[in-house]
Engineer: 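Questions regarding the structure given below will be posed in turn.
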Amino acid sequence: MTVGSFTSDWFCLTIFGLCDYPAVTPYTVPFPSPKTNKTRPAVSGETPIQIVHFSDVHVDLSYEVGANYNCSDNICCRAYTAAQGLGNTSYPAGPWGNHNCDAPFDLEKSLYAAIQEIVPNAALTLFTGDVRILKMTNLTLVYGVVGNHDINPINSFPPSDINTTISSQYTYDALSALWTTWIGSTAAATAATNPGAYSVVYPGGNLRIISLNTMMYYKDNFWLFEATMETDPSGQLAWLVDEFQAAEDAGHTHKDEFQIAYSKYTDQTADTAVGVLYIAPALTPTSGNPAFRVYDVDPVTFAVLDMTEYITNMSTSTYQTDGPVWEKYYTVKEAYGPLMTPPSTSRTDPGLLA
Ligand SMILES: *[C@@H]1O[C@H](CO)[C@@H](O)[C@H](O)[C@H]1NC(C)=O
Ligand SMILES: *[C@@H]1O[C@H](CO)[C@@H](O)[C@H](O)[C@H]1NC(C)=O
Ligand SMILES: *[C@@H]1O[C@H](CO)[C@@H](O)[C@H](O)[C@H]1NC(C)=O
Ligand SMILES: *[C@@H]1O[C@H](CO)[C@@H](O)[C@H](O)[C@H]1NC(C)=O
Ligand SMILES: *[C@@H]1O[C@H](CO)[C@@H](O)[C@H](O)[C@H]1NC(C)=O
(Lines give C-alpha, C1' and ligand atoms only; values in the text may rest on other atoms or scores of the structure.)
(Ligands and ions follow the chains in the order given, each with its own letter.)
Protein backbone atom coordinates (compact mmCIF):
# COMPACT_ATOMS: atom_id res chain seq x y z
CA MET A 1 0.00 0.00 0.00
CA THR A 2 1.54 3.29 -1.05
CA VAL A 3 1.36 5.85 1.76
CA GLY A 4 -0.67 8.84 0.64
CA SER A 5 -2.59 6.91 -1.98
CA PHE A 6 -6.37 6.79 -2.15
CA THR A 7 -6.22 3.22 -0.81
CA SER A 8 -3.95 4.03 2.12
CA ASP A 9 -6.08 7.03 3.06
CA TRP A 10 -9.11 4.78 3.20
CA PHE A 11 -7.26 2.20 5.26
CA CYS A 12 -6.02 4.91 7.64
CA LEU A 13 -9.56 6.24 8.01
CA THR A 14 -11.55 3.04 8.34
CA ILE A 15 -9.11 1.02 10.42
CA PHE A 16 -7.44 3.67 12.58
CA GLY A 17 -9.78 6.63 12.30
CA LEU A 18 -6.77 8.89 11.84
CA CYS A 19 -7.27 10.28 8.34
CA ASP A 20 -9.97 12.35 6.69
CA TYR A 21 -12.41 10.95 4.14
CA PRO A 22 -10.86 10.95 0.67
CA ALA A 23 -12.81 12.83 -2.02
CA VAL A 24 -15.78 10.83 -3.23
CA THR A 25 -15.22 9.12 -6.56
CA PRO A 26 -18.43 9.49 -8.56
CA TYR A 27 -19.80 6.09 -9.47
CA THR A 28 -23.01 5.47 -11.37
CA VAL A 29 -24.83 2.20 -10.95
CA PRO A 30 -26.56 1.77 -14.30
CA PHE A 31 -30.17 0.58 -14.43
CA PRO A 32 -31.58 -0.87 -17.65
CA SER A 33 -34.84 1.10 -17.30
CA PRO A 34 -35.67 4.45 -15.75
CA LYS A 35 -37.26 4.59 -12.33
CA THR A 36 -41.03 4.33 -12.47
CA ASN A 37 -43.38 6.65 -10.61
CA LYS A 38 -45.00 3.89 -8.62
CA THR A 39 -45.90 4.84 -5.08
CA ARG A 40 -46.17 2.71 -1.98
CA PRO A 41 -49.49 0.86 -1.96
CA ALA A 42 -52.07 1.71 0.70
CA VAL A 43 -52.23 -0.47 3.82
CA SER A 44 -54.53 -3.41 3.13
CA GLY A 45 -56.22 -3.43 6.51
CA GLU A 46 -55.83 -7.21 6.75
CA THR A 47 -54.49 -8.91 9.88
CA PRO A 48 -50.71 -8.36 9.94
CA ILE A 49 -48.32 -11.28 9.65
CA GLN A 50 -45.36 -11.55 11.99
CA ILE A 51 -41.73 -11.63 10.92
CA VAL A 52 -39.01 -12.66 13.34
CA HIS A 53 -35.61 -11.03 13.06
CA PHE A 54 -32.57 -12.18 14.97
CA SER A 55 -28.90 -11.67 14.44
CA ASP A 56 -25.35 -12.36 15.61
CA VAL A 57 -25.87 -15.59 17.47
CA HIS A 58 -22.10 -15.88 18.03
CA VAL A 59 -22.35 -19.25 19.66
CA ASP A 60 -19.11 -20.20 21.45
CA LEU A 61 -18.70 -23.96 21.54
CA SER A 62 -15.66 -23.45 23.80
CA TYR A 63 -17.80 -21.77 26.42
CA GLU A 64 -17.46 -23.63 29.70
CA VAL A 65 -19.76 -23.26 32.67
CA GLY A 66 -17.56 -22.32 35.61
CA ALA A 67 -14.73 -20.91 33.50
CA ASN A 68 -13.40 -17.42 34.24
CA TYR A 69 -15.65 -14.63 32.97
CA ASN A 70 -13.29 -11.88 34.10
CA CYS A 71 -10.32 -12.46 31.81
CA SER A 72 -7.92 -10.29 29.85
CA ASP A 73 -8.71 -11.93 26.51
CA ASN A 74 -11.23 -10.65 23.96
CA ILE A 75 -13.75 -13.31 24.91
CA CYS A 76 -13.99 -14.94 28.34
CA CYS A 77 -15.75 -18.01 29.75
CA ARG A 78 -13.18 -20.27 28.14
CA ALA A 79 -10.69 -22.35 30.11
CA TYR A 80 -7.69 -20.95 28.23
CA THR A 81 -5.50 -22.16 31.12
CA ALA A 82 -6.12 -24.53 33.99
CA ALA A 83 -6.27 -21.53 36.32
CA GLN A 84 -9.25 -20.21 34.38
CA GLY A 85 -11.10 -23.52 34.51
CA LEU A 86 -13.98 -24.70 36.65
CA GLY A 87 -13.21 -24.53 40.35
CA ASN A 88 -10.03 -22.50 39.90
CA THR A 89 -11.45 -19.00 39.35
CA SER A 90 -13.24 -16.51 41.57
CA TYR A 91 -15.33 -15.47 38.56
CA PRO A 92 -17.15 -18.62 37.40
CA ALA A 93 -19.36 -18.26 34.35
CA GLY A 94 -23.00 -19.24 34.70
CA PRO A 95 -24.74 -21.69 32.34
CA TRP A 96 -26.65 -19.09 30.30
CA GLY A 97 -23.98 -16.59 29.34
CA ASN A 98 -22.09 -13.55 30.51
CA HIS A 99 -21.55 -10.07 29.13
CA ASN A 100 -17.85 -10.79 28.70
CA CYS A 101 -18.51 -13.90 26.65
CA ASP A 102 -20.12 -15.11 23.45
CA ALA A 103 -23.28 -17.18 23.74
CA PRO A 104 -23.21 -20.69 25.16
CA PHE A 105 -24.94 -23.37 23.11
CA ASP A 106 -27.79 -23.62 25.59
CA LEU A 107 -28.54 -19.92 25.16
CA GLU A 108 -28.70 -20.40 21.41
CA LYS A 109 -31.16 -23.27 21.80
CA SER A 110 -33.29 -21.24 24.19
CA LEU A 111 -33.59 -18.50 21.58
CA TYR A 112 -35.09 -20.90 19.06
CA ALA A 113 -37.38 -22.41 21.66
CA ALA A 114 -38.57 -18.92 22.64
CA ILE A 115 -39.27 -17.94 19.05
CA GLN A 116 -41.38 -21.05 18.57
CA GLU A 117 -43.24 -20.47 21.80
CA ILE A 118 -43.83 -16.72 21.43
CA VAL A 119 -44.47 -16.50 17.69
CA PRO A 120 -45.51 -20.00 16.66
CA ASN A 121 -47.25 -18.62 13.57
CA ALA A 122 -44.48 -16.35 12.33
CA ALA A 123 -44.65 -15.98 8.58
CA LEU A 124 -40.89 -15.99 8.23
CA THR A 125 -37.66 -15.35 10.07
CA LEU A 126 -34.73 -13.15 9.12
CA PHE A 127 -31.27 -14.08 10.40
CA THR A 128 -28.78 -11.37 9.56
CA GLY A 129 -25.65 -13.37 10.07
CA ASP A 130 -22.83 -14.41 12.34
CA VAL A 131 -22.28 -17.87 13.65
CA ARG A 132 -24.60 -19.77 13.02
CA ILE A 133 -28.11 -21.10 12.73
CA LEU A 134 -28.70 -24.68 13.69
CA LYS A 135 -30.20 -27.15 11.26
CA MET A 136 -32.38 -28.35 14.14
CA THR A 137 -33.93 -24.95 14.89
CA ASN A 138 -37.34 -26.10 13.67
CA LEU A 139 -38.02 -22.60 12.38
CA THR A 140 -40.13 -23.05 9.30
CA LEU A 141 -38.81 -20.36 6.98
CA VAL A 142 -35.52 -18.59 7.55
CA TYR A 143 -33.77 -16.14 5.25
CA GLY A 144 -30.11 -15.82 6.17
CA VAL A 145 -27.18 -13.69 5.13
CA VAL A 146 -23.41 -14.09 5.27
CA GLY A 147 -21.88 -12.58 8.39
CA ASN A 148 -18.31 -11.42 8.89
CA HIS A 149 -17.78 -14.13 11.52
CA ASP A 150 -19.04 -16.88 9.26
CA ILE A 151 -15.56 -17.33 7.83
CA ASN A 152 -12.05 -18.16 8.94
CA PRO A 153 -9.87 -16.13 8.77
CA ILE A 154 -12.46 -13.68 10.04
CA ASN A 155 -13.60 -10.87 7.67
CA SER A 156 -11.82 -12.44 4.70
CA PHE A 157 -14.01 -12.21 1.60
CA PRO A 158 -11.81 -11.89 -1.48
CA PRO A 159 -13.60 -10.48 -4.54
CA SER A 160 -14.01 -13.08 -7.27
CA ASP A 161 -11.45 -11.50 -9.59
CA ILE A 162 -8.62 -11.88 -7.07
CA ASN A 163 -6.45 -14.94 -7.56
CA THR A 164 -5.86 -16.36 -4.11
CA THR A 165 -5.81 -19.73 -2.40
CA ILE A 166 -7.42 -18.10 0.66
CA SER A 167 -10.89 -18.80 -0.59
CA SER A 168 -14.17 -18.13 1.16
CA GLN A 169 -15.91 -20.67 -1.07
CA TYR A 170 -16.30 -23.24 1.70
CA THR A 171 -18.44 -20.79 3.66
CA TYR A 172 -20.68 -20.10 0.67
CA ASP A 173 -20.99 -23.84 0.08
CA ALA A 174 -21.85 -24.54 3.72
CA LEU A 175 -24.39 -21.71 3.99
CA SER A 176 -25.92 -22.62 0.66
CA ALA A 177 -26.40 -26.22 1.82
CA LEU A 178 -27.88 -25.04 5.12
CA TRP A 179 -30.25 -22.57 3.47
CA THR A 180 -31.55 -24.95 0.77
CA THR A 181 -34.37 -26.20 2.96
CA TRP A 182 -35.74 -22.65 3.21
CA ILE A 183 -34.84 -20.94 -0.06
CA GLY A 184 -34.87 -23.90 -2.46
CA SER A 185 -32.09 -25.35 -4.56
CA THR A 186 -32.14 -22.67 -7.28
CA ALA A 187 -31.56 -19.74 -4.93
CA ALA A 188 -29.12 -21.84 -2.91
CA ALA A 189 -27.11 -22.58 -6.03
CA THR A 190 -26.97 -18.82 -6.66
CA ALA A 191 -25.76 -18.23 -3.11
CA ALA A 192 -22.95 -20.75 -3.56
CA THR A 193 -21.47 -18.85 -6.49
CA ASN A 194 -22.82 -15.31 -6.34
CA PRO A 195 -21.00 -15.20 -3.79
CA GLY A 196 -23.24 -15.66 -0.78
CA ALA A 197 -26.10 -13.58 -2.19
CA TYR A 198 -29.44 -14.82 -3.47
CA SER A 199 -32.87 -13.69 -4.55
CA VAL A 200 -36.05 -15.62 -3.92
CA VAL A 201 -39.79 -15.07 -3.91
CA TYR A 202 -41.49 -15.52 -0.55
CA PRO A 203 -43.98 -18.36 -1.12
CA GLY A 204 -46.70 -16.76 1.01
CA GLY A 205 -47.17 -13.56 -0.95
CA ASN A 206 -46.06 -11.00 -3.48
CA LEU A 207 -42.66 -10.31 -1.96
CA ARG A 208 -39.16 -10.81 -3.26
CA ILE A 209 -36.41 -11.35 -0.72
CA ILE A 210 -32.89 -10.41 -1.71
CA SER A 211 -29.98 -11.38 0.52
CA LEU A 212 -26.88 -9.37 -0.30
CA ASN A 213 -23.38 -10.29 0.83
CA THR A 214 -22.40 -6.94 2.30
CA MET A 215 -19.19 -8.48 3.62
CA MET A 216 -17.79 -7.69 0.20
CA TYR A 217 -17.84 -4.01 1.27
CA TYR A 218 -17.00 -4.45 4.93
CA LYS A 219 -14.18 -2.20 6.13
CA ASP A 220 -12.44 -5.06 7.92
CA ASN A 221 -12.36 -7.11 4.73
CA PHE A 222 -8.76 -6.24 3.89
CA TRP A 223 -9.10 -7.62 0.37
CA LEU A 224 -10.78 -4.34 -0.52
CA PHE A 225 -7.62 -2.34 -0.02
CA GLU A 226 -6.10 -3.05 -3.40
CA ALA A 227 -4.07 -0.45 -5.27
CA THR A 228 -7.20 0.17 -7.32
CA MET A 229 -10.14 -0.32 -4.99
CA GLU A 230 -13.07 -2.07 -6.61
CA THR A 231 -16.40 -0.26 -6.72
CA ASP A 232 -18.36 -3.44 -7.27
CA PRO A 233 -16.48 -6.44 -5.83
CA SER A 234 -17.71 -9.71 -7.33
CA GLY A 235 -20.22 -7.71 -9.37
CA GLN A 236 -22.78 -7.69 -6.59
CA LEU A 237 -24.29 -4.31 -7.37
CA ALA A 238 -24.69 -5.29 -11.00
CA TRP A 239 -26.43 -8.47 -9.88
CA LEU A 240 -28.65 -6.53 -7.50
CA VAL A 241 -29.67 -4.18 -10.28
CA ASP A 242 -30.56 -7.15 -12.45
CA GLU A 243 -32.74 -8.54 -9.67
CA PHE A 244 -34.50 -5.20 -9.19
CA GLN A 245 -35.03 -4.86 -12.91
CA ALA A 246 -36.35 -8.42 -13.18
CA ALA A 247 -38.77 -7.74 -10.31
CA GLU A 248 -39.84 -4.51 -11.98
CA ASP A 249 -40.42 -6.31 -15.26
CA ALA A 250 -42.30 -9.25 -13.74
CA GLY A 251 -45.99 -9.35 -14.69
CA HIS A 252 -45.31 -9.11 -18.16
CA THR A 253 -42.01 -10.81 -18.71
CA HIS A 254 -41.24 -10.04 -22.36
CA LYS A 255 -40.21 -13.66 -22.60
CA ASP A 256 -41.68 -16.70 -24.30
CA GLU A 257 -42.94 -18.55 -21.26
CA PHE A 258 -45.73 -20.60 -19.79
CA GLN A 259 -46.67 -21.29 -16.22
CA ILE A 260 -48.58 -24.17 -14.70
CA ALA A 261 -51.02 -23.65 -11.84
CA TYR A 262 -51.56 -26.41 -9.30
CA SER A 263 -54.51 -26.95 -7.01
CA LYS A 264 -52.10 -27.86 -4.22
CA TYR A 265 -48.90 -25.88 -3.94
CA THR A 266 -47.11 -28.58 -1.97
CA ASP A 267 -48.08 -31.34 -4.40
CA GLN A 268 -47.12 -30.25 -7.88
CA THR A 269 -47.93 -33.24 -10.07
CA ALA A 270 -49.83 -33.89 -13.29
CA ASP A 271 -52.83 -34.84 -11.17
CA THR A 272 -52.98 -31.48 -9.37
CA ALA A 273 -52.22 -29.35 -12.45
CA VAL A 274 -55.32 -27.22 -13.04
CA GLY A 275 -54.32 -24.66 -15.60
CA VAL A 276 -51.76 -23.16 -17.92
CA LEU A 277 -50.82 -19.49 -18.05
CA TYR A 278 -49.66 -18.40 -21.48
CA ILE A 279 -47.09 -15.62 -21.38
CA ALA A 280 -46.39 -14.19 -24.77
CA PRO A 281 -42.98 -12.97 -25.87
CA ALA A 282 -42.47 -9.31 -26.75
CA LEU A 283 -42.16 -7.46 -29.96
CA THR A 284 -39.78 -4.95 -28.49
CA PRO A 285 -36.21 -5.93 -29.36
CA THR A 286 -35.00 -5.07 -25.87
CA SER A 287 -35.79 -8.62 -24.83
CA GLY A 288 -34.33 -10.52 -27.75
CA ASN A 289 -35.63 -11.24 -31.22
CA PRO A 290 -39.12 -9.86 -31.80
CA ALA A 291 -41.63 -12.68 -31.46
CA PHE A 292 -45.27 -13.61 -31.37
CA ARG A 293 -47.25 -16.79 -31.08
CA VAL A 294 -50.29 -18.41 -32.66
CA TYR A 295 -52.65 -20.69 -30.78
CA ASP A 296 -54.47 -23.65 -32.24
CA VAL A 297 -57.80 -23.63 -30.42
CA ASP A 298 -60.66 -26.15 -30.36
CA PRO A 299 -63.60 -24.24 -31.90
CA VAL A 300 -66.12 -25.89 -29.59
CA THR A 301 -64.37 -26.15 -26.25
CA PHE A 302 -61.79 -23.43 -26.88
CA ALA A 303 -59.08 -25.58 -25.40
CA VAL A 304 -55.62 -24.64 -26.61
CA LEU A 305 -54.30 -27.58 -28.60
CA ASP A 306 -50.94 -26.23 -29.72
CA MET A 307 -49.07 -23.02 -30.12
CA THR A 308 -46.49 -21.93 -32.62
CA GLU A 309 -43.85 -19.38 -31.91
CA TYR A 310 -42.69 -17.03 -34.63
CA ILE A 311 -39.65 -14.81 -34.58
CA THR A 312 -37.70 -12.54 -36.83
CA ASN A 313 -33.96 -12.94 -36.60
CA MET A 314 -32.40 -9.51 -36.20
CA SER A 315 -28.85 -10.73 -36.64
CA THR A 316 -29.17 -11.49 -40.34
CA SER A 317 -27.16 -9.19 -42.59
CA THR A 318 -30.26 -8.16 -44.53
CA TYR A 319 -32.49 -7.42 -41.55
CA GLN A 320 -32.08 -3.65 -41.69
CA THR A 321 -32.08 -3.40 -45.47
CA ASP A 322 -34.81 -5.86 -46.49
CA GLY A 323 -36.88 -5.71 -43.33
CA PRO A 324 -38.02 -8.46 -40.95
CA VAL A 325 -38.44 -12.00 -42.17
CA TRP A 326 -40.82 -13.84 -39.87
CA GLU A 327 -40.27 -17.54 -39.47
CA LYS A 328 -41.54 -20.39 -37.39
CA TYR A 329 -39.36 -20.92 -34.37
CA TYR A 330 -41.02 -23.99 -32.85
CA THR A 331 -44.33 -25.48 -31.91
CA VAL A 332 -44.97 -26.87 -28.46
CA LYS A 333 -46.25 -30.19 -29.78
CA GLU A 334 -43.21 -30.70 -31.99
CA ALA A 335 -40.72 -29.63 -29.34
CA TYR A 336 -42.20 -31.26 -26.25
CA GLY A 337 -44.74 -33.82 -27.47
CA PRO A 338 -42.24 -36.59 -28.32
CA LEU A 339 -40.82 -36.33 -24.81
CA MET A 340 -44.13 -37.31 -23.23
CA THR A 341 -45.18 -40.82 -22.22
CA PRO A 342 -47.00 -41.70 -24.39
CA PRO A 343 -45.87 -39.16 -27.00
CA SER A 344 -48.37 -36.45 -27.89
CA THR A 345 -47.60 -35.10 -31.32
CA SER A 346 -50.98 -34.69 -32.98
CA ARG A 347 -52.12 -31.11 -33.25
CA THR A 348 -55.57 -32.16 -32.11
CA ASP A 349 -54.41 -34.12 -29.07
CA PRO A 350 -55.16 -31.90 -26.08
CA GLY A 351 -52.74 -33.77 -23.76
CA LEU A 352 -50.07 -31.13 -23.56
CA LEU A 353 -51.88 -27.83 -23.40
CA ALA A 354 -55.52 -28.28 -22.57
C1 LIG B 1 -42.37 10.39 -13.52
O2 LIG B 1 -42.91 11.65 -13.19
C3 LIG B 1 -42.12 12.75 -13.64
C4 LIG B 1 -42.74 14.04 -13.07
O5 LIG B 1 -44.12 14.02 -13.24
C6 LIG B 1 -42.03 12.73 -15.15
O7 LIG B 1 -41.20 13.79 -15.59
C8 LIG B 1 -41.40 11.41 -15.60
O9 LIG B 1 -41.40 11.33 -16.99
C10 LIG B 1 -42.21 10.23 -15.04
N11 LIG B 1 -41.47 9.00 -15.32
C12 LIG B 1 -42.08 7.92 -15.82
C13 LIG B 1 -41.18 6.72 -16.06
O14 LIG B 1 -43.26 7.88 -16.06
C1 LIG C 1 -12.40 -8.51 37.59
O2 LIG C 1 -11.26 -8.76 38.37
C3 LIG C 1 -10.67 -7.61 38.93
C4 LIG C 1 -9.44 -8.04 39.66
O5 LIG C 1 -8.62 -8.84 38.84
C6 LIG C 1 -11.64 -6.90 39.86
O7 LIG C 1 -11.07 -5.71 40.30
C8 LIG C 1 -12.91 -6.58 39.11
O9 LIG C 1 -13.89 -6.05 39.96
C10 LIG C 1 -13.46 -7.86 38.47
N11 LIG C 1 -14.60 -7.49 37.62
C12 LIG C 1 -15.79 -8.06 37.80
C13 LIG C 1 -16.87 -7.60 36.81
O14 LIG C 1 -16.04 -8.87 38.63
C1 LIG D 1 -7.74 -26.47 38.07
O2 LIG D 1 -6.36 -26.40 38.36
C3 LIG D 1 -5.79 -27.65 38.67
C4 LIG D 1 -4.37 -27.41 39.11
O5 LIG D 1 -3.66 -26.67 38.15
C6 LIG D 1 -5.84 -28.54 37.45
O7 LIG D 1 -5.36 -29.81 37.68
C8 LIG D 1 -7.31 -28.68 36.99
O9 LIG D 1 -7.36 -29.38 35.75
C10 LIG D 1 -7.92 -27.31 36.82
N11 LIG D 1 -9.33 -27.44 36.49
C12 LIG D 1 -9.83 -27.16 35.28
C13 LIG D 1 -11.30 -27.39 35.11
O14 LIG D 1 -9.15 -26.74 34.37
C1 LIG E 1 -37.21 -29.65 17.09
O2 LIG E 1 -38.33 -30.49 17.11
C3 LIG E 1 -38.02 -31.82 17.53
C4 LIG E 1 -39.28 -32.63 17.37
O5 LIG E 1 -40.37 -31.96 17.94
C6 LIG E 1 -37.50 -31.79 18.96
O7 LIG E 1 -37.12 -33.08 19.36
C8 LIG E 1 -36.26 -30.89 19.01
O9 LIG E 1 -35.83 -30.74 20.34
C10 LIG E 1 -36.58 -29.53 18.46
N11 LIG E 1 -35.35 -28.74 18.39
C12 LIG E 1 -35.26 -27.52 18.86
C13 LIG E 1 -33.91 -26.86 18.72
O14 LIG E 1 -36.19 -26.92 19.35
C1 LIG F 1 -3.37 -17.89 -9.96
O2 LIG F 1 -2.17 -17.99 -9.26
C3 LIG F 1 -1.52 -19.26 -9.45
C4 LIG F 1 -0.30 -19.31 -8.52
O5 LIG F 1 0.47 -18.15 -8.65
C6 LIG F 1 -1.15 -19.42 -10.91
O7 LIG F 1 -0.55 -20.69 -11.13
C8 LIG F 1 -2.42 -19.31 -11.74
O9 LIG F 1 -2.08 -19.35 -13.13
C10 LIG F 1 -3.15 -18.02 -11.45
N11 LIG F 1 -4.43 -18.03 -12.15
C12 LIG F 1 -4.88 -16.96 -12.78
C13 LIG F 1 -6.23 -17.12 -13.41
O14 LIG F 1 -4.27 -15.92 -12.86
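In each ligand, atom 1 is the first atom listed, and ligand 1 is the first ligand listed. Just the heavy atoms: all of them, side chains too, but no hydrogens, waters or symmetry mates, feed the values below.
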Engineer: Just need the protein heavy atom nearest to atom 7 (O) of ligand 2, so name the residue and atom and give the distance.
Structural biologist: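 Looking only at protein heavy atoms, the one closest to atom 7 (O) of ligand 2 is Y91 OH, 4.9 Å.
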Engineer: Determine if the distance from atom 3 (C) of ligand 3 to the closest protein heavy atom is below 4.0 Å.
Structural biologist: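 Answer yes: something from the protein, a heavy atom, is under 4.0 Å.
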Engineer: Among all protein non-hydrogen atoms, which one is nearest to atom 10 (C) of ligand 2, and what is the separation to 0.1 Å?
Structural biologist: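 The answer is N70 ND2, 2.4 Å.
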Engineer: So, R208 and S199: side-chain donor and acceptor under 3.5 Å apart, yes or no?
Structural biologist: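 Result is yes, a qualifying pair exists.
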Engineer: To which protein heavy atom is atom 14 (O) of ligand 3 closest, and what is the distance rounded to 0.1 Å?
Structural biologist: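 Heavy-atom neighbour on the protein nearest atom 14 (O) of ligand 3: A82 O, 3.5 Å.
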Engineer: Could you list which atoms of ligand 3 come closer than 4.0 Å to a heavy atom of G85?
Structural biologist: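 In order of numbering, the contacting atoms are 12 (C), 13 (C), 14 (O).
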Engineer: Does the pair E64/R78 count as a salt bridge with the N-to-O cut at 4.0 Å?
Structural biologist: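 Between R78 and E64 there is no salt bridge, as every charged N stays at least 4.0 Å from the carboxylate O atoms.
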Engineer: Identify the closest protein heavy atom to atom 11 (N) of ligand 3: which residue and atom is it, and at what distance?
Structural biologist: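 The protein heavy atom lying closest is N88 ND2, 3.0 Å.
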Engineer: Answer with yes or no whether the side chains of S110 and W96 bring together a donor and an acceptor at under 3.5 Å.
Structural biologist: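 Not at all, the side chains of W96 and S110 share no donor-acceptor pair under 3.5 Å.
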Engineer: State whether a side-chain donor-acceptor pair under 3.5 Å links Y330 with D256.
Structural biologist: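 There is such a pair (donor and acceptor under 3.5 Å, judged by atom type) between the side chains of Y330 and D256.
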Engineer: Quick one about T125 and H53 (side-chain donor to acceptor, distance below 3.5 Å, no hydrogens or angles considered), yes or no?
Structural biologist: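 No donor-acceptor contact under 3.5 Å links the two side chains.
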